[in-house]
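Shown next, in C-alpha cells, is the structure this report addresses.
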Amino acid sequence: MQDETKCLHSGYTPENGGPRVMPIYQSTTFRYTSTQEIAAVFDDPTRSHIYSRFTNPTVDVVEKKIADLEHAVAAMCTSSGQMASLMSVLNLCSAGDSFISTSAIYGGTVNLFAYTLKKLGIECIFVDVDADEDEIQSKIKPNTKAIFGETLTNPSLQIFDIEKFARVAHSNGLPLIVDNTFATPILCKPVDFGADVVIHSTSKYMDGHALQVGGVIADSGKFDYTNGKFPEFTEPDESYHGTIYTRDYAFAPYIIKARMQLMRDFGAYPSGHSGFLLNIGLETLAIRMKRYCENAMTVAEYLSNHPKVEHVNYPGLKDNKYYTLAQKYLPDGQSGVMAVTLKGGKESGIKFMDSLKMASNEVHVADIRTCVLHPASATHRQLSDEQLIACGISPGLVRLSVGLENVYDILKDIDCALDNI
Ligand code: PLP
C-alpha cells in the first residue's frame with residue numbers, strides 16, 4: 001500500500017458486519033474466561049490486552065498504522081512527545097550511562113536531556129548537527145548507549161544527516177534514535193536511511209488538529225541488541241518472569257522491552273479515546289502534508305522577496321544552507337514551518353503579530369490552521385536582545401507554521417500585517 005492508503009487502512013480491517021470506523025475501546029481492563037487464558041497473555045503480552053495502562057485495542061490500531069508508515073516492525077504510543085523522547089532513551093540508558101544528541105533539537109528535549117536525565121545519572125553529550133564523523137566519534141565513550149537527533153529541527157529548521165549519524169552509531173554498536181515529528185513519515189522515513197528507533201510528538205502534524213498531546217516510539221526491528229552492549233536485552237528480566245527480550249521477542253525487542261518495563265511501570269499511555277482522535281488525524285496525514293508543503297513553499301518564496309523581510313529560513317528555498325540535504329531526505333516537501341526574520345527587530349515582530357487577523361498567535365506548531373509565534377515577546381521574553389542573539393534567535397524572528405487555509409488568504413493576512421510595520 002502507498003502512504004495515502006496506509007493512512008486510511010493500516011491497522012484495522014473490519015470483520016464481516018463489524019463497524020467501518022475503528023471503535024473506541026474505552027475500558028481500563030479486559031475480561032478472560034479462565035485463569036489459563038489470562039496467564040497466557042501475561043506470558044506473552046503480544047497475544048492480547050490486559051490493562052489500558054500499557055495496551056489498548058484502539059491505541060493498538062494506531063500503533064500498527066504508525067509502524068507501517070515508518071517502515072518499522074512495531075510501535076508504542078505515549079501520553080506526550082516528551083514521554084516518547086524520555087522513554088526512547090531510558091530504554092537504552094541506566095544511571096552511569098551516556099548518550100549523544102545533536103544540540104539542534106526542540107528546547108523541551110534539550111531541557112529533558114540536559115537537566116532531568118542528568119538528575120537520573122544519565123549524561124547527554126551534545127554535538128553540533130553539522131559536526132563531521134570524526135567529531136561525533138570523539139564524543140563516544142565506553143558508556144555511550146545511543147545517538148539522538150531530529151530529522152528537521154524545531155525551531156532552527158536544520159536537516160539532520162541521518163546516514164552520517166547512522167554510520168557513526170552503527171560502527172560503534174549503538175542504535176540511532178530519530179525524532180521525526182516535523183517531517184512525519186510522509187516526507188521522510190528515517191528507518192530507510194539507517195535509524196533504529198523513530199519517535200514523534202504526535203501532538204503536531206500526526207494529530208494535526210491541535211486536539212491533544214501525544215507521542216509514539218517505533219522500532220525498526222533491525223538493530224542487533226546482542227552485540228554485548230545491552231545486557232538488559234539479553235539477560236533475563238527478573239521484573240517480567242525472566243523474559244529475555246532478544247530471544248523471546250526477536251522481531252521487536254526494543255519496543256516490547258519499552259512496553260513491559262517502562263510503560264508498565266510509568267503508565268504514561270494514551271486512552272482509547274485519544275487513540276481514536278489520533279487515528280482521525282492520521283487518516284488525512286498524507287494529503288495534508290502535501291498541501292502544508294505547497295502552501296509553505298508559496299509563502300516562503302513570497303516572503304523572501306518582501307522588502308520588510310530580512311531573511312526566510314525554509315530548507316525548501318534554493319539558497320538555504322540545508323537545501324541539498326533537504327532534497328535528499330525530504331524531496332517531496334519540507335513541512336509547513338519556517339522562521340522569518342523581519343527588518344526592524346523586536347518592535348517589528350510585535351507589530352506584525354498584533355496585526356495578523358487570521359493566523360493565531362500561539363505556542364503550537366504544525367496545526368491545520370496557520371499559527372505564529374514571536375519568541376522575543378513570548379517563549380523567550382525574559383531575554384535581552386543580546387541574549388536572544390546568543391541563542392540564535394534574532395529579536396525580529398517570527399516562527400510561522402503555515403496551515404491549510406487557501407494560500408491566498410494566508411498571503412493576504414501576512415501582507416496586511418507587514419503593511420502595518
Ligand atoms: N519533539 C519535537 C520535535 C517537538 O517539537 C516537541 C514539541 O514541540 C516535542 C518533541 C515534545 O512533544 P509534546 O509537546 O507532545 O510533549
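All residue numbers refer to positions in the sequence shown, counting from 1. Counting starts at 1 for both ligands and their atoms, following the listed order.
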Could you check ligand 1 for N or O atoms lying under 3.5 Å from protein N or O atoms and list the pairs with distances?
from, atom 1, to, atom 2, distance (Å)
ligand 1, 1 (N), Asp179, OD2, 2.7
ligand 1, 5 (O), Asn154, ND2, 2.8
ligand 1, 8 (O), Lys204, NZ, 2.8
ligand 1, 12 (O), Ser201, OG, 3.1
ligand 1, 15 (O), Gly81, N, 2.9
ligand 1, 15 (O), Ser201, OG, 2.8
ligand 1, 15 (O), Ser203, OG, 2.5
ligand 1, 16 (O), Gly81, N, 3.1
ligand 1, 16 (O), Gln82, N, 2.9

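The salt bridge (Lys or Arg N to Asp or Glu O under 4.0 Å) check on Lys64 picks up Asp60, with sequence neighbours excluded. Residues satisfying the salt bridge (Lys or Arg N to Asp or Glu O under 4.0 Å) test with Lys139, not counting sequence neighbours, are none. Checked against salt bridge (Lys or Arg N to Asp or Glu O under 4.0 Å), Glu63 has the following partners two or more places apart in sequence or in another chain: Arg259.
For the side chain to side chain donor-acceptor pair (under 3.5 Å) with Asn172, the lone residue among Arg167, Gln137, Lys229 that qualifies is Gln137.
Taking the charged nitrogens against the carboxylate oxygens, Lys164 and Glu133 have no contact shorter than 4.0 Å, which rules out a salt bridge.
Remark: side-chain polar atoms of Asn227 are paired, donor with acceptor, to backbone N or O of Gly173 under 3.5 angstrom.
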